[in-house]
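Given the structure is predicted, the values throughout are model-derived calculations rather than measurements. Chain identifiers are assigned alphabetically (A, B, ...) following the order of the sequence lines, protein sequences preceding nucleic acid strands; residue numbering begins at 1 within each chain.
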Protein chains: 2
Amino acid sequence: MAKQATIYDVAALAGVAPSTVSRTFSRPGRVNAETAARVREVAAELGYRTNRIAQALTTARTGVVALTVSDIGNPYYLEIIRGAEAAASAAGCTMLLSDSRESARHEQQVLERTLPLVDGLVLAGSRMSDTAIRAAARQRPVVVLNRVVTDLPSIAPDHALGARSALEHLAGLGHRRVAYLAGPEASWADGMRWRSVLETGQQLGVKVTRLGPYPPTVAGGSRAAQELPAATGAVVAYNDQVAIGLVRGIQQRGGRVPDDVSVVGFDNIFAADLVLPGLTTVAAPAREMGARAVETLVSREGRTYERAMVLPTRLVVRGSTAPPRRKSTSPA
Amino acid sequence: MAKQATIYDVAALAGVAPSTVSRTFSRPGRVNAETAARVREVAAELGYRTNRIAQALTTARTGVVALTVSDIGNPYYLEIIRGAEAAASAAGCTMLLSDSRESARHEQQVLERTLPLVDGLVLAGSRMSDTAIRAAARQRPVVVLNRVVTDLPSIAPDHALGARSALEHLAGLGHRRVAYLAGPEASWADGMRWRSVLETGQQLGVKVTRLGPYPPTVAGGSRAAQELPAATGAVVAYNDQVAIGLVRGIQQRGGRVPDDVSVVGFDNIFAADLVLPGLTTVAAPAREMGARAVETLVSREGRTYERAMVLPTRLVVRGSTAPPRRKSTSPA
DNA sequence: GAGCCGCTGGCAACCGGTTGCCGTTCGCGA
DNA sequence: TCGCGAACGGCAACCGGTTGCCAGCGGCTC
């Protein structure tokens, strides 16, 4: 923790004014090439590094962007985080990652702490109200992920399309009754998914029922398995964790997936391909979403409020879905 | 993004000097109760919030601590992150989380960016050399996690004890040959685990062989399954992901776990209890480690360099380990 | 040869707090 | 009544850069 050299030290040793040193680094071209070379040389010798704090004070830019997720433990965010990190790094900023622990209150606290320090904010899976989000947006540029907030730059997968494709898949297999396992009530995605499942069900003549809400975790899914009506032949779960928990719960009670129950999840998390049977799930371009969010944030010069960006989803079919079981227990 | 009120605004409106406003917030007690009350009132009215950047410039404290992990996707870090977050929050600081992507080079870059902005740094699973870590410690207080660096505050699970208990468990079941699947060469934990497996093996009369290194991922474990000598009856894997991948790989080739091969992992990640069979694994008090690390960092007033803190591990026995298969294929 | 312009470097104000030091006021003991 | 110290508020310097403005200088045009 040796004392850092300042522009004043460099200036003195190089025989120029501090402002010249400053310009050498922050405004190259503004200073004569030879002078700049000398300054750089002295700076290197002294191990000078510009003090980002002091810089931030005058420029009002810290070079840090925040990414808030509703739960770091949720693997869905993994690719979002990676995408965001890559974009931030490419743009020369640091990313400040924080966890709102599935709580609007905690999310608010986190924002309170981080907002003053950052140039912008990506809210992935915010549990706050639109009003609260808009309030934050009044302090710093905000990009909303996984959700659409009017008049705020938003990036979201096409939840409706995803839910529709899940239901079409099940209907195509011959299912006529489908249960939807709801996630957190504060989840915007949950609302969109349920609504789309409901509507698509009506269009396809599939009877849909809603169960829950359940915590968006494996444990939540296990609990759902206990409460699942016996006749249920097909389930769309809020996300993959719930779906995985459900499958396990069913299996532990002696049921079989997909023979007795078909299960579809959302997000295509890594583990979806790990469990047995593999989980059929709705995949979103998570990495791309993370990257786009940060890019949007960083490039917001004219504060152009583009319309919400909705990205296509894709159904990944694995072993957890199959035609409903015949009444007879033996195959045809 | 309305203009924020400053101490000058508050001072003017309250009819006091800016320094009084400053002291009202940063040095309560230094100013008369009545004056303070008035200042606070005016501040509230104006929505004044102290500018953390400006504050950081003079106090040289940003109130941010960084936590660097080798891979955010690794569930092992999850509890560490949670523990660290809780401790940071309790201490009134913000946590800056970053990912070094299993690369010393990238880790270095990340540090370059974050060090200037933070009050201290927790390195969890650093892939850098001791020298590089010491260099960082010269710039900011550092606490090392999962590893011991001489003369630096270090917190690590008792890797040796963990590896020993794993091997004792296998030996107790009757295994006489055990393979160790190595992790990243730059991993300090890997070195400790292997060494302990080796030594314990010698003491217990168990023949141990080392395979790898493999990437510390499920995919790495699957690859290991392909390269596993046919006669192998018991395996200790670098971590749970590798162990899980191994189990899957074995199963896909028609092998059975634990009947044909017993498998032990490290870290007791969440998924260890999710796979079938459940994974026997060495658990470390991850959450506590994360919390202790941040606490150590924050409370480092006298820069007391306590000795390395080594925390006990605990073997969690699940279904992936069993006595070796008899020569006869039928049960006794 | 006068006027103008672009290139450079320096001066000094400023960003928004923090803090050492000083002066005033006031209570209290001698 | 005088002296002394504690309490309290203000002044101004400072943290380390950034930047608007100005001046000197050389070159070019007419």
State which residue, out of B/Asp130, B/Leu123, B/Val122, fulfils the side chain to side chain contact (heavy atoms under 4.5 Å, CB included) condition with B/Ser126.
-> B/Leu123

Roughly how far apart are A/Ile72 CD1 and A/Ser100 OG, rounded to 0.5 Å?
-> 9.5 Å

Roughly, in whole Å, what's the span from CG in B/Asn51 to P in C/dC14?
-> 18 Å

Quickly work out the A/Leu46 CG to D/dG16 P distance and round it to whole Å.
-> 14 Å

Rounded interatomic separation in angstrom, taking CZ from B/Arg38 and C1' from D/dC8 | 13 Å

Quick one: which of C/dT18, D/dG10, C/dG9 gets closest to the side chain of B/Gln55?
-> C/dT18

Over how many whole Å does the gap from B/Asp9 atom CG to C/dC15 atom P extend?
-> 11 Å

The side chain of A/Tyr48 lies closest to which of these nucleotides: D/dG17, D/dG10, D/dT19?
-> D/dG17

Choosing from D/dT18, D/dC8, C/dG17, which nucleotide comes nearest the side chain of A/Ser26?
-> D/dT18

Counting any heavy atom closer than 4.0 Å, what does B/Ser22 reach on the DNA or RNA strands: base, sugar-phosphate only, or nothing?
-> base

Residue met sooner reading DNA chain C from 5', once A/Pro18 and B/Ala5 are mapped to nucleotides = A/Pro18

Closer to the 5' end of DNA chain C via nearest nucleotide, is it B/Ala54 or B/Arg27?
-> B/Ala54

For the pair made of CG in B/Asn32 and C1' in C/dT24, what is the distance, rounded to whole Å?
-> 14 Å

Can you check the A/Arg61 CZ to D/dG17 P distance for me, whole Å?
-> 18 Å

What nucleotide among D/dG9, D/dC21, C/dT18 has an atom nearest to a side-chain atom of A/Arg23?
-> D/dC21

For residues 67-78 of chain A, the salt bridge (charged side-chain N to carboxylate O under 4.0 Å, His left out) pairs (sequence neighbours left out) are A/Asp71-B/Arg82

Does a side-chain heavy-atom distance below 4.5 Å link A/Leu67 with A/Leu96?
-> no

Would you please confirm or rule out a distance under 4.0 Å between OP1 or OP2 of D/dG10 and any side-chain N or O of B/Thr20?
-> yes

Options C/dA12, C/dG16, C/dT19, nucleotide nearest the side-chain atoms of A/Ser19 = C/dA12

Are any of the side-chain nitrogens in A/Arg134 or A/Asp151 under 4.0 Å away from the carboxylate oxygens of its partner?
-> no

Per atom distances to the B/Thr58 side chain, the nearest of D/dG16, D/dC15, D/dG10 is D/dC15

Send over the distance from B/Gln4 CD to C/dG16 P, rounded to a whole Å.
-> 10 Å

For the pair A/Glu185 and A/Arg127, find out whether any cationic side-chain nitrogen is under 4.0 Å from an anionic carboxylate oxygen.
-> no

Net bend of the helix from C/dG1-D/dC30 to C/dA30-D/dT1, end axes of five pairs each, nearest 10 degrees | 50°

Where the side chain of A/Tyr8 is concerned, which of D/dG17, D/dC11, C/dG16 is the nearest nucleotide?
-> D/dG17

Using a 4.0 Å heavy-atom cut-off across all strands, classify B/Arg52 as base, sugar-phosphate, or nothing.
-> nothing

Quick check: are there more than 12 heavy atoms from other residues, nucleotides or ligands sitting under 6.0 Å from CD of B/Gln109?
-> yes

With sugar-phosphate meaning primed atoms plus P, OP1 and OP2, does A/Val21 contact a base, only sugar-phosphate, or nothing at under 4.0 Å between heavy atoms?
-> nothing

Tell me, please, which residues at least two apart from A/Glu85 pass salt bridge (Lys or Arg N to Asp or Glu O under 4.0 Å).
-> B/Arg101

Atom CD1 of A/Ile7 and atom C1' of C/dA12 are separated, to the nearest Å, by 13 Å

Could you tell me whether the side chain of B/Arg30 has a donor or acceptor atom within less than 3.5 Å of a complementary atom in the base of D/dG9?
-> yes

When you get a sec, tell me which of C/dT19, D/dG16, C/dG10 is the closest nucleotide to the side chain of B/Leu57?
-> D/dG16

